[in-house]
Novice: 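Sending over a structure as structure tokens; questions will come in a sec.
Labels below follow one simple rule: chain letters A, B, ... track the order of the sequence lines, proteins then strands, and each chain is numbered from 1.
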Amino acid sequence: MKKTAAASAAPTAAAVFLVQDYRLDFTLDSGQAFRWRRHGEAWEGAVGGRWVRLQAGPQRLEASTAAPVPGWDWLADYLQVEARLGAILDSFPTDDLMRRAIAACRGLRLLRQDPWECLASFLLSSTKQIVQIRQMVELLCRRYGDPLAVPPGTEPMNAFPTAARLAACSEKELRECKLGFRAPYLRETARWVAEHDEAFGHLAELPLAQAREQLVQFPGVGEKIAECVLLFAFGMSAAFPIDVWIARGLGCHYFPGRRVSACRLREFAAGYFGPHAGYAQQYLFHYLRTQS
DNA sequence: GTCCAGGAGCCAT
DNA sequence: ATGGCTCATGGA
């Protein structure tokens, strides 16, 4: 996609991504990322250690940063502006539920997130509502994330804390960020990631099954959270997180009147939703959470 | 007050 | 393999 940098005397930089079928609001507020905040028509967040403001226009996304940047590939990658959504939607099954989800959520995209931030964030997600996950993440960032440069008059923003920084926290300090029983899990996982920086960085290059096998080794990370990381950070679009919403939705629509085990649901999903099963999953999740 | 949340770990069947 | 229990905390 085309992008035009327009940095000048202003202390900020801006770019435009030309896109079709890109619903920024669905994408940033569908429970795949937890730090984006809406300010009127714009969204503010942090990507790749930079403060970013995004705004949707007609067939375009407008982006700005607080300081000049050498290029925009990092943001194009995060936003996945080059993903061919039409082909992805065409690969979905065409049952009634999927048709309704597509009609309601068209333009929803999967982001390509930082693996550590994604793993840590979803590690905190167990038996928490999205609003509460956002709160825990916000507290962690405010206390343990490095401050980012922001434009004058803008709310302060910190980077997501590094694994090393969180590994250095006491369990008590983490509990003070309202993590509850998740505190020791995050601490231990952060410690491993900090000590095996390079190995962690290479997980995304493994085949899906091997990457999954590695992820579930972390304390507090089971099947569901592992699938989230595979899908939202590693770009493995066949990964299929099954949370309570998806389990209910699948059971209700594809196995009416029967009780189906989690194992059976996984089996069904793996065979039914096609090569972009995880993408379909996100459409279902957003649809079920907002429309019913 | 009660129920439940983008679960995981542990133990008893 | 499967089912129940517990974990901590706050919204609805």
Side-chain angles (χ1 to χ4, degrees), chain A residues 26-36 97 101 105 108-111 113 115 117-140 143 169-190 192 212-234 236-253 255 258-270 273 277-292:
Chain A
F26 292 169
T27 301
L28 300 183
D29 195 24
S30 59
Q32 55 177 320
F34 301 103
R35 298 201 63 199
W36 290 98
L97 176 63
C105 307
L108 169 61
R109 306 293 190 118
L110 288 186
L111 300 167
Q113 301 183 58
E117 177 172 346
C118 187
L119 172 61
S121 298
F122 278 98
L123 195 151
L124 303 182
S125 72
S126 59
T127 53
K128 280 293 183 186
Q129 298 181 119
I130 289 175
V131 57
Q132 297 172 315
I133 302 168
R134 299 172 67 97
Q135 184 182 32
M136 292 186 284
V137 169
E138 176 62 30
L139 282 169
L140 285 175
R143 296 191 186 184
C169 288
S170 67
E171 183 178 325
K172 179 170 178 291
E173 288 175 314
L174 295 180
R175 283 180 183 269
E176 284 165 2
C177 295
K178 307 189 178 185
L179 302 200
F181 62 83
R182 304 155 194 84
Y185 294 154
L186 181 62
R187 199 168 111 83
E188 291 311 304
T189 296
W192 194 95
R212 174 194 290 139
E213 190 180 337
Q214 295 300 309
L215 287 169
V216 297
Q217 302 294 320
F218 294 116
V221 178
E223 286 287 336
K224 190 271 172 182
I225 291 171
E227 297 295 307
C228 287
V229 176
L230 297 174
L231 183 62
F232 300 137
F234 295 169
M236 299 179 182
S237 66
F240 198 92
I242 299 179
D243 74 314
V244 291
W245 287 90
I246 294 293
R248 271 201 297 265
L250 295 186
C252 187
H253 289 89
F255 304 93
R258 281 187 276 170
R259 53 164 177 60
V260 184
S261 68
C263 177
R264 192 82 183 81
L265 277 185
R266 278 200 300 272
E267 226 174 0
F268 166 74
F273 288 101
Y279 227 108
Q281 175 275 154
Q282 195 63 11
Y283 270 69
L284 287 180
F285 178 76
H286 192 57
Y287 176 68
L288 293 169
R289 210 168 64 85
T290 56
Q291 309 285 323
S292 53

Novice: Which of these nucleotides, dG6(B), dA8(C), dG7(B), is closest to any side-chain atom of Val244(A)?
Specialist: dG7(B)
Novice: Would you mind classifying the nucleic acid contact of Gly220(A) as base, sugar-phosphate or nothing, using non-hydrogen atoms under 4.0 angstrom?
Specialist: sugar-phosphate
Novice: May I ask you to verify if any side-chain N or O of Lys224(A) is less than 4.0 angstrom from the OP1 or OP2 atom of dA8(B)?
Specialist: no
Novice: Kindly state whether the pair Tyr185(A) / dA8(B) counts as stacked, where counting means centroids closer than 5.5 Å and planes tilted less than 30° apart.
Specialist: no
Novice: Who does dA12(B) pair with, Watson-Crick or G-U, both distances under 3.5 Å?
Specialist: dT2(C)
Novice: Over all strands shown, is Leu179(A) touching base, sugar-phosphate only, or nothing at heavy-atom distances under 4.0 angstrom?
Specialist: nothing
Novice: What nucleic acid atoms does Arg175(A) come within less than 4.0 Å of, heavy atoms only: base, sugar-phosphate, or nothing?
Specialist: sugar-phosphate
Novice: Just call it for Ser121(A): base, sugar-phosphate, or nothing, with non-hydrogen atoms closer than 4.0 Å on any strand.
Specialist: nothing
Novice: For the side chain of Glu227(A) and the base of dG6(B), is some donor closer than 3.5 Å to an acceptor across the two?
Specialist: no
Novice: Between atom CG in Leu139(A) and atom P in dA8(C), what is the gap in whole Å?
Specialist: 18 Å
Novice: Provide, to the nearest angstrom, the distance between the NZ atom belonging to Lys128(A) and the P atom belonging to dA12(C).
Specialist: 13 Å
Novice: Select one nucleotide: of dG6(B), dA5(B), dG10(C), the one nearest the side-chain heavy atoms of Thr127(A).
Specialist: dA5(B)
Novice: Can you tell me how far CG of Leu28(A) sits from CZ of Phe34(A), rounded to the nearest 0.5 angstrom?
Specialist: 12.5 Å
Novice: Going by purine N1 to pyrimidine N3 plus the second Watson-Crick contact, or the G-U wobble pair, all under 3.5 Å, which nucleotide sits opposite dT9(C)?
Specialist: dA5(B)
Novice: Using the C1' atom on both, measure dG6(B) against dG3(C) and round to a whole Å.
Specialist: 22 Å
Novice: Is it true that Lys172(A) and Glu176(A) have a side-chain N and a carboxylate O under 4.0 angstrom from each other?
Specialist: yes
Novice: For DNA chain B, whose closest nucleotide is more 5', that of Asp243(A) or that of Val216(A)?
Specialist: Asp243(A)
Novice: Can you tell if the side chain of Glu173(A) reaches within under 4.5 Å of the side chain of Arg143(A), non-hydrogen atoms only?
Specialist: no
Novice: Within the 4.5 Å heavy-atom criterion, are Pro184(A) and Arg175(A) side-chain neighbours or not?
Specialist: yes
Novice: Below 3.5 Å, does any donor atom in the side chain of Gln132(A) face an acceptor in the base of dG11(C), or the other way round?
Specialist: no
Novice: Rounded to the nearest Å, what distance is computed from the CZ atom of residue Arg289(A) to the P atom of nucleotide dA12(C)?
Specialist: 12 Å
Novice: Please tell me which of the listed nucleotides, dT2(C), dA8(C), dG10(C), lies nearest to the side chain of Phe181(A)?
Specialist: dA8(C)
Novice: Separation of Ile130(A) atom CD1 from dT9(C) atom C1', in whole Å?
Specialist: 17 Å
Novice: Taking the side chain as every heavy atom from C-beta outward, state whether Phe234(A) and Cys118(A) have any pair of such atoms under 4.5 Å apart.
Specialist: no
Novice: Check every atom of dG7(B), dT2(C), dG6(B) against the side chain of Ser261(A) and return the nucleotide holding the closest atom.
Specialist: dT2(C)
Novice: Base, sugar-phosphate, or nothing: which does Cys263(A) touch, judged by heavy atoms less than 4.0 Å apart?
Specialist: sugar-phosphate
Novice: Ser126(A) side chain: which of dG7(B), dA8(C), dG10(C) is closest?
Specialist: dG7(B)
Novice: Send over the distance from Ile242(A) CD1 to dA5(B) P, rounded to a whole Å.
Specialist: 16 Å
Novice: Write down the distance between CZ (Phe285(A)) and P (dA5(B)), rounded to a whole number of angstrom.
Specialist: 11 Å
Novice: OP1 or OP2 of dA5(B) less than 4.0 angstrom from a side-chain nitrogen or oxygen of Arg248(A), does that happen here?
Specialist: yes
Novice: Got a second to check how far Lys128(A)'s NZ is from Gln135(A)'s CD, nearest 0.5 Å?
Specialist: 8.0 Å
Novice: Round to the nearest Å and state the distance from Leu123(A) atom CG to dA8(C) atom P.
Specialist: 16 Å
Novice: Are Glu227(A) and Lys224(A) close enough for a salt bridge, meaning some N to O gap below 4.0 Å?
Specialist: no
Novice: From NZ of Lys178(A) over to P of dG11(C), roughly how many Å is that when rounded to an integer?
Specialist: 7 Å
Novice: Base, sugar-phosphate, or nothing for Phe232(A), non-hydrogen atoms under 4.0 angstrom?
Specialist: base
